[in-house]
Structure formats: C-alpha cells, structure tokens
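No hydrogens, no waters, no symmetry mates; every other heavy atom, side chains included, goes into these values. To find a chain, count down the sequence lines: A is the first, B the second, and so on, and within it residues start at 1.
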Amino acid sequence: MKTEKPLSLYNSLTRRKEVFVPADPQRVTMYVCGPTVYNFAHIGNARPAVVFDVLARLLKRLYPHVVYARNITDIEDKIIAAAREQGVEIGVITDKYADIYRKDMGELGVMVPDVEPKATDSIAEMISMMERLIAAGHAYAAEGHVLFNVPSDAAYGVLSGRDRDDMIAGARVEVAPYKKDAADFVLWKPSTPEQPGWDSPWGRGRPGWHIECSAMIEKHLGETIDIHGGGIDLQFPHHENELAQSRCAHGGAALARFWLHNGFVNIEKEKMSKSIGNVLLVHDLIKETPGEAIRLALLNGHYRQPLDWTAEGLTQSVRMLDRLYGALRGLSDVKSEATHDAIPAAFWEALLDDLNTPKALAELFALAKAANTETDPGTRAQLKAALLGSGQMLGLLAHDAEEWFAGAGTATHIEAEEVEALIAARNAARKAKDFKEADRIRDALAEKGVQIEDGPQGTSWRVAS
RNA sequence: GGCCUCGUGGCGGAGUGGUUACGCGCCGGACUGCAAAUCCGUUUACCCCGGUUCGAUUCCGGGCGAGGCCUCCA
C-alpha cells in the first residue's frame, strides 16, 4: 500500500471517528448481523452485506488473519409463522431462504463470510450464557421465560445513549406482569407444543432475539471482538441488549471495541415498508439489472448516510459502470492483472478514511480518465492493474469488459455471432462507401438493442441501455 | 415528548475556514461518411437568520424542513 495513513472508523459507541487498532493484529475479528431467513432479502438488507463486505476486503488487505462472521437467524417468530402457514418445518423455510440469500448476495459481489453461524446451532451456548447471567444476578427466570434485568447493569444504554427512564417513558407496549422491571427484555421464552423449542433448565422454549448474537460471537470469535456491524435500526434495542448481555456475562469485558452502523435505505424518498408496498427485493432487481450496478448504487453514497434508492440512481450506476468498463475495454491490448501495489494512495486513503467509497469511486474515475488519454504502453499497463485492483477492493470490475457490454447480468440476450456477421457486412458496405446500406445495418442492429462503436482498432458493440 | 442523523448545482453524491470533488444529464467544440465511444470546454451549489472571523458552504446559536430509533421484532 502506498500510504502511511491508518484506518479510521466512526465508532457508534464513542460517536466519533477513531483510529482502528485491532486488539490482536494476528487475528482481527468482525461480526455483522445477518438476515432472518423467512423471506427474500430486500435492498435494505443488501446494504450492510455490501458495506461490510468492502470493510472485510479492506481488513484482509491490512491484516494477515481476519475472521469475518455474519450470522443467519434461523429461529424467530416470523419464521415460525411462515412455516405454519406453509405447513412445513421451520428448517424448510430457513434453508430455502438462506440459500436464496447467499445466491442473491453473491450476485452483488458479496464474498462468503469466513463464518456463517446459525442460531439453532448455538442453543447450548445460549443456555450456558443465560445460566451465567442468572448466577451473576443479571437475569432471572419467570414463568418459563428468562429475562435480562436491566437495572442490574449500571452501564446499560451506553451504545444508544438513552437511559432507562427515557425508555420507559417512551414505551408503547404494555409491560408483561412477570417482568421485575419494565425495561427488562426476554432472553428465552417458552414454546407451546406446536412451536419449535429446545429443552432448557427453564422448560422447553426458544431464544429471544438478542441472546443468539451474543452466544455466537462468544462461540466463534471470543469475548471481545474488534468490530461489530449492522444496520442503524439495530442499534437499539438489539445491539444495546447484545452488548449488555455479553458484558455482564463476561465480567465487564466489552463485547466489541468498534460498533459500526450503516444508514437506512429509503425508496424514492419514502420509507420502505410493506404497508406502502415499496419493498424492493434483491431477487427481483437482479432479474433486470446487473448485480454489479446494484452494488455500485449502494457504494455510491457513504455507508453512514441514508441512501435514497431510485430507479434513476440505478440507471446512473449502470452508466458509471459503462464508463469504467469502457476504459478497460480501451486497455484490452495490454495485459495486466489486478495489482494492489498499483492502486494510487488517494484511493487507499479514501477507503481508510471511514470507508469513504464515494471518494474512492472518484479515484477510480480518475484512473479511467487517465487510461483513456494515456498512450505509453507501460503506463497503460499500470493503469489497468490499478483499475482492476481498485475495483477489486470495492468488489467491482470483476467482469470482462466485453462481457459487460454484451449485456452480462441483464435480461437481454444477444447472439454475438449474428452481431459480428452484421458488423462485418456493415464494414464491407462502409468500405464500398455504401453508407446507406451501412446505416441500414446499423439501424437493424439498434432494433436488436445493439449499439455500434467504430474505433481505430475496428468496430465494437454493446447492448444499448 | 426523549435521543439522534441530515439539508450541497437538473440528478446522485464527497469534501473543505480562503483552491476543479467525482459521476450521470444538458450544451458547445474536436474526432467520425454520419453516429457511438473518447477527448477538450461550458453550465447550474452549498435551506434561512444571526454570531465568531480578514474571510464560512465549512465553526457556534436559533429557525425552518426531511428522516431514523424510543424494548421482547413491524
């Protein structure tokens, strides 16, 4: 890397940007809250997957050993409801949607995390943690439930910056009678015979939401991890509760040193919600748009800012990729592989500055411009290596340029051989100065959605968009 | 009501106490048989009102506006 700048990240816990130094540079740990698998992932679910994928790529450049865990929540009441509706076991639902999630995120260029723990594989660890919490006086059993006693934790509220009284004043849900304190939350709840459940010291039941992440982090990563990520909507109550449980179970050891939260995705200026009916599923988007363009649209804004998803924005992203791939196509005569050493300092510094992907993209465009004007073969080879290397850090530009322009990832299907034949016929006509015929063929190609580009090295083509 | 974000040019979106962000779009020019791509150039910015300052889009205060969270999962 051509920079001495350290990685700084905005830590939600301290509400400021801090230089990131891992507790153990030989083993950097990151955990991100993954999907609850009862339905297709929407674009809001895709944002953290993409954002933390970029962070994971960066961390892996900086440190020799990074363990990135992203969980699968496969026991939850919505899953139970979906399974009952369809008359199947919850595993049928969760396996199906976990597979779809992996495939859809793969389309967005999201790498598979190093560990992908499932909640149902960690029930024993959850029970162990609850027993420790009870023994330490931070949790109690009541009517088949296990509850975390919020007043027992003086530090509760550090992450979301709210105190217990505020929360109770704002509570809009009736307090269950078995709670010792209105702020207490459920770690374990009883299951009816029809509901899925596991035997526990408190009877047959199932975990509450927050305990799973605490248990999986402890099991796979350790007591204190370097980075915990997720959507801003999870900051409270989910992360606050997770943090409290883990700290209390670990004698005060912090759960995570850095907490990172990505902003929300709105749809055409409106909140995405089922009632508005504007929930955009990744599964549907990738049917008509290259996943790479969706990824770019998500990275075109800073991860902490709210992102307004629009059809026009997605179109712009496709155009941006046209430009980048256009530069790569222009470099098709030079042989270069993605090289991280070739990446300019400004690009690294953008990413190192709290993952400033918009700035990093600007540097990518600077490389594209340089590539379009440079004539020196050695420099062009360097530029190509830099373009591919930078793209790789962002999870972009992994396609072959010709593939991109041939419509990779779009619904359009073009017969390349037919196109080539027509181009040859047109060029013959051009050579004969029969421009009328040449234009007729070009129009015919345009009908098929093919755009012609005459260059010094011959004629190339692309799927028109 | 409490806590917290944000308000940049036609659009998306960085950043900064005084210097071109970048991309998309538009317009003009070069190139081209004509286009497309590419290159060159132009174009429109920092919500409002105070304050600090030699100077604020950038810092502080107030206002207006948009959004998020406020517990057992919508």
Can you tell me the Watson-Crick or wobble partner of B/C22, both distances under 3.5 angstrom? B/G12
Using only modelled atom types and a 3.5 angstrom limit, is any donor from either the side chain of A/Gln316 or the base of B/C11 paired with an acceptor on the other? yes
What's the closest nucleotide to the A/Asn372 side chain, out of B/A14, B/G23, B/U38? B/U38
Would you indicate what A/Gly301 reaches in the nucleic acid, counting non-hydrogen atoms under 4.0 angstrom: base, sugar-phosphate, or nothing? sugar-phosphate
Euclidean distance for P, B/U32 against B/G13 (whole angstrom): 39 Å
Tell me the partner of B/C6, counting only Watson-Crick (N1-N3 plus N6-O4 or O6-N4) or G-U wobble (N1-O2 and O6-N3) with both under 3.5 Å; none if nothing fits. B/G65
Any side-chain donor paired with an acceptor under 3.5 Å for A/Asp454 and A/Thr459? yes
Between B/G12 and B/A45, how far apart are the two C1' atoms, rounded to whole Å? 14 Å
Between CG of A/Leu314 and C1' of B/G13 the distance, given in whole Å, is 16 Å
Quick check: any donor-acceptor pair below 3.5 Å linking the side-chain of A/Asp454 to the base of B/C34? yes
Please determine, by modelled atom types, if A/His399 and A/Glu292 share a side-chain donor-acceptor pair under 3.5 angstrom. yes
Integer-rounded Å distance: B/G12 P and A/Lys359 NZ: 22 Å
Can you tell which of B/G13, B/A74, B/C40 lies closest to the side chain of A/Lys369? B/C40
Could you tell me whether A/Gln305 contacts a base, only the sugar-phosphate backbone, or nothing, with contacts defined as non-hydrogen atoms closer than 4.0 Å? sugar-phosphate
Does a donor on one side chain and an acceptor on the other come within less than 3.5 Å for A/Asn149 and A/Asp184? yes
Please lay out, stage by stage, how A/Arg442 and A/Glu447 fare under the test salt bridge (Lys or Arg N to Asp or Glu O under 4.0 Å). CA-CA 9 Å; A/Arg442 184 168 61 198; A/Glu447 285 283 304; over 6 Å; no
Contact class for A/His145 vs. all strands (heavy atom < 4.0 Å): base, sugar-phosphate, or nothing? nothing
Side chains of A/His261 and A/His239: do they bring a donor and an acceptor to under 3.5 Å? yes
May I have the distance from A/Asn356 (atom CG) to B/U16 (atom P), rounded to whole angstrom? 9 Å
Between atom CG in A/Leu299 and atom C1' in B/A14, what is the gap in whole Å? 14 Å
Among B/G13, B/G68, B/G25, the one nearest A/Arg319 by side-chain distance: B/G25
Can you tell me whether the side chain of A/Arg442 and the base of B/C34 have a donor-acceptor pair closer than 3.5 Å? yes
Given that both distances must come in under 3.5 Å, which nucleotide forms a Watson-Crick or G-U wobble pair with B/G28? B/C40
Mind checking who B/C34 pairs with, Watson-Crick or G-U wobble, both distances under 3.5 Å? none
Which one, B/G12, B/G33, B/U71, comes nearest to the side chain of A/Phe185? B/U71
Tell me the interatomic distance from A/Phe264, atom CZ, to B/A66, atom P, rounded to whole angstroms. 19 Å
Using whole Å, what does the distance between atom P of nucleotide B/A37 and atom CE of A/Met320 come to? 17 Å
Between the side-chain atoms of A/Asp439 and the base atoms of B/G33, is any donor-acceptor pair under 3.5 Å? yes
Rounded to whole Å, CG of A/Asn266 lies from P of B/G7 at a distance of 15 Å
Nearest-angstrom distance from the residue atom CZ of A/Phe435 to P of B/C34: 9 Å
Among B/C39, B/C11, B/A74, the nucleotide that comes nearest once only the side chain of A/Thr373 is considered: B/C39
Below 4.0 Å: OP1/OP2 of B/C39 and any side-chain N or O of A/Arg323: yes
Think A/Arg304 forms a cation-pi with A/Tyr10, using NZ or CZ under 6.0 Å from the six-ring centre and within 45 degrees of its axis? yes
Answer with yes or no whether the side chains of A/Gln195 and A/Thr192 bring together a donor and an acceptor at under 3.5 Å. yes
Side chain of A/Ala182 - closest among B/G23, B/U71, B/G13: B/U71
Side-chain N,O (A/Lys269) to OP1/OP2 (B/G65) below 4.0 Å: no
Candidates B/G68, B/A37, B/G33 - which lies nearest the side chain of A/Lys271: B/G68
Complementary nucleotide for B/U58 - Watson-Crick or wobble, under 3.5 Å: none
